[in-house]
Visitor: 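Would you mind keeping the following structure in view while I ask a few things?
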Amino acid sequence: MESGKLHYKDVNSTFNVDKPYKSRSKPNYPGHVPLNAFEKLLMMAGSSIGSYLHPERNEFIVGLGESTAFTPVLRRLQRQMLSDPVGRQILRERPRITSESLDLDYLRLLPKNTIGSAYIQWLDREGVSPDTRVPVRYIDDEELAYIYQRYRECHDFYHAITGLPIIIEGEIAVKVLEFTNIGIPMLGLGGLFAPLRLRPKQRERLYGIYYPWAFKSGLNSKPLINVYWEKILEQDINEFRRDMGIEQPPDLRELRRKQKKLPEPERENAN
Amino acid sequence: MWKAVRTLTSRATTSQPRLRDVVIIGGGPAGLSLLAALKSSRVTRDLQCTLVEGGSLASVQNFASNPPEEYTNRVVSLTPKTIEFMQEKIGNWAYINEERVKVYDSIVAYDSQDSDSRISFDASAIGTGTLAAMCENINIQASLWERIQELNMTSDVPAEIMDNVKVEKIQSPVEFSASEALDELPDLLEVDPTDGMSELDWPIIHLSNGESLQARLLVGADGYNSPARKFAGIQSRGWMYDRFGVVATIKLCYEDYRSIGWQRFLTTGPLAILPLRDDNATIVWSSTPELSQLLLKVDPEIFPHLVNAAMTLEEVDLNYIYKLLEVDPSDKSVLGEIEWRLSKIKLLELDSKYPLPVRELVEGSRARFPLKMSHADTYVAPRVALIGDAAHTIHPLAGQGLNMGQTDVAHLMAALEKGAKRGMDVGSTLVLEEYYANAWPGNHVLLGVCDKLHKIFSTDFTPLVYLRGFGMKTLNSLGVVKDLMIKLVSGN
Ligand SMILES: Cc1cc2nc3c(=O)[nH]c(=O)nc-3n(C[C@H](O)[C@H](O)[C@H](O)COP(=O)(O)OP(=O)(O)OC[C@H]3O[C@@H](n4cnc5c(N)ncnc54)[C@H](O)[C@@H]3O)c2cc1C
């Protein structure tokens, strides 16, 4: 009886279609937090500043993602998925990638050349788990929310198939790949602004090697969002890269190690 | 031998063509309307009139006594103005089978890129209670036929209708008037100087039954390819739209008490569902040549769902579904795809913002017509007048083609009555010029508006999509502009 309302069904409620979501109180899917335009703007501004100052802090990156992944961008992703049989299958079945949905022990038993094996190796090497991804909360349309969730959950697979680590340069390179491949602008923003805070050596590697690689692979490959990862865990990873049109970039950790061993004078010249 | 006979007959006929005051080529809605109007008017009813139609009018004659069970697929939207003209001036409305006419009072048009961009017209804005009425072409033709029979019973000079007779050649006894047209269509216009024996300047019309007529006034109501227009050497300008109009008769889930005509602007062209009586409706689906072909061959069980999808789903879904159907027009998996995507739309929204679902396609009712826009430079030449599609063809998105033909008839009748009252020769340019002066500008505006509408809506170029969305929303709220558009569509 709060707010003086009686608990009977308002017979007119079915006709009041013009203004369905005025108040915050009606989430469109479990976990949804409806925001108004002003709040969205605030959140975007706040997380942009936050992720520039603290690129290592996850909540800013996530917030920036959700607030910059405005509807048109997600709609484009949706169109990409709806144009493809596998994309449609994913949207219909709505698979989730979690440590429960994936049998990680089984993945460890797969031959080394498979996608599943590369994925688990990458998770183990980086010390992360599928559950590190935070659920989507601020996107209004439930299908778009799922699409964004799916994109996030697949993010680790992009690292796995490219072998790029989650240290800042690797992250940026993967984001640029994602930007050119599926076009979420956060990745574009992250890719452009984040290098300002890199050391010169890191920046050089990015501009010289990883940007060209990411642009080339991203633009030439088929949309990664339409990959049903769960169904191709046993597939050969090289075959997959070939099918998708993605080249494997030079190993970043390897490169860093080698460059650290370079003789002193050359390093000075480079600066 | 054969050649000898032919020259013989042609000599026999050309030597003595039957003289007529008015010869109308074409038994479509425009031609029959003019004939009935001429015979209804006190001033012109004694003119000797002949109408020549190349096809058969048997189904038109039988319609009154034995109408087909299902609606035929050529259905047009008649404006209140056309109906009034038919009631008061031609008098054929009394013979219309009104049980097959559906009056509707509003149109809802919306954009495929953004279903909230919508505009709705309703009749209250023009104060008539009727926005327009859906009526089969054949119902109109049959009512005109009945009206002409009625008039003939009491007339001293009955109208003459010949069907299954084609106009094979039109000839001018005066050499120069046809010289311009000669290069356009030589076989129809062949000028044979030795045949110019008549002192009259009336055109001679050679018929496929061997007869020939000589007309004080020749009226071309002979459709887009108008032989009369070519004879008169009148240029027609325009273009093909590279689109086809696919028409079909369909059954809705149940009768829609709302009486709304729905139109959705897809990038392939507009799709309209227009109400008929009971649960019947007719569709006009403007589409690319490839899509139109697909629509004609899609499994009849899938077709209704495809219409539902096209009225509701996003273009990305439609394109995906078309692709599946191109591989296999009977691919039943599209039904699941459509159902799934429809389930994403809230039920309330489906009920209030979209037409009722289509249940069934009436067998054999699918057909397609090439869409074009064309306008003749003038409607008149010495002893020649053009009416209906012979003078102009228009994109069907605003349902104006046949109505424009009725306006032509009204203006031509006014000019002829005026001329006849003053004792002038009804075939003279002096009389005819007035028809052209009154009919052409209005048609020109309508043609332009519909052409622009088509072009604006057949794009998915994003800035334009936003712009037109903005346009639709503001149009809908701007009372003045909206009223203007309604008046255009409803012919007031
Ligand atoms: C898909 C579609 C939907 C439409 N929807 C609407 C609508 O909602 N509202 C509306 O008002 N209009 C509509 N129209 C337009 C309307 O159908 C036409 O404008 C109308 O039928 C034209 O009538 P008409 O008598 O001028 O020409 P036609 O109907 O084309 O008649 C011409 C006649 O001339 C005859 N003919 C031609 N050459 C010769 C010859 N050499 N000898 C003898 N006879 C000849 C032909 O056999 C034909 O019967 C639509 C058109 C299409 C294609």
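A, B, ... follow the sequence lines: proteins, then strands. Residue 1 opens every chain. For the numbers below, each heavy atom of this structure counts, side chains included, while hydrogens, waters and symmetry mates do not.
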Visitor: Check the surroundings of atom OH in A/Tyr228: do more than 12 heavy atoms from other residues, nucleotides or ligands lie under 6.0 Å from it?
Guide: yes
Visitor: Examine whether an atom of B/Asp317 lies under 4.5 Å from a heavy atom of chain A, and if so say whether it belongs to the side chain, the backbone or both; otherwise answer neither.
Guide: both
Visitor: Need one label for B/Glu314: side chain, backbone, both or neither, based on atoms under 4.5 Å from any heavy atom in chain A.
Guide: side chain
Visitor: What part of A/Asp141 gets within 4.5 angstrom of chain B, counting heavy atoms only: side chain, backbone, both, or neither?
Guide: neither
Visitor: Kindly compute the distance separating CH2 (B/Trp340) from CG (A/Leu91), expressed to the nearest 0.5 Å.
Guide: 5.0 Å
Visitor: May I ask you to check whether over 12 heavy atoms, not counting those of B/Glu339, lie within 6.0 Å of atom CD?
Guide: no
Visitor: Using a cut-off of 6.0 Å, state whether more than 12 heavy atoms not belonging to A/Glu93 lie near its atom CD.
Guide: yes
Visitor: Taking side chain as C-beta onward, heavy atoms only, is B/Arg341 less than 4.5 Å from A/Arg92?
Guide: no
Visitor: For atom CD of B/Glu301, decide whether the heavy atoms of other residues, nucleotides or ligands shown that lie under 6.0 angstrom number more than 12.
Guide: no
Visitor: Among A/Arg88, A/Glu142, A/Gln78, A/Gln80, which has the most heavy-atom pairs under 4.5 Å with chain B?
Guide: A/Arg88
Visitor: Name the member of B/Glu337, B/Lys323, B/Lys344 that forms the most heavy-atom pairs with chain A at distances under 4.5 Å.
Guide: B/Glu337
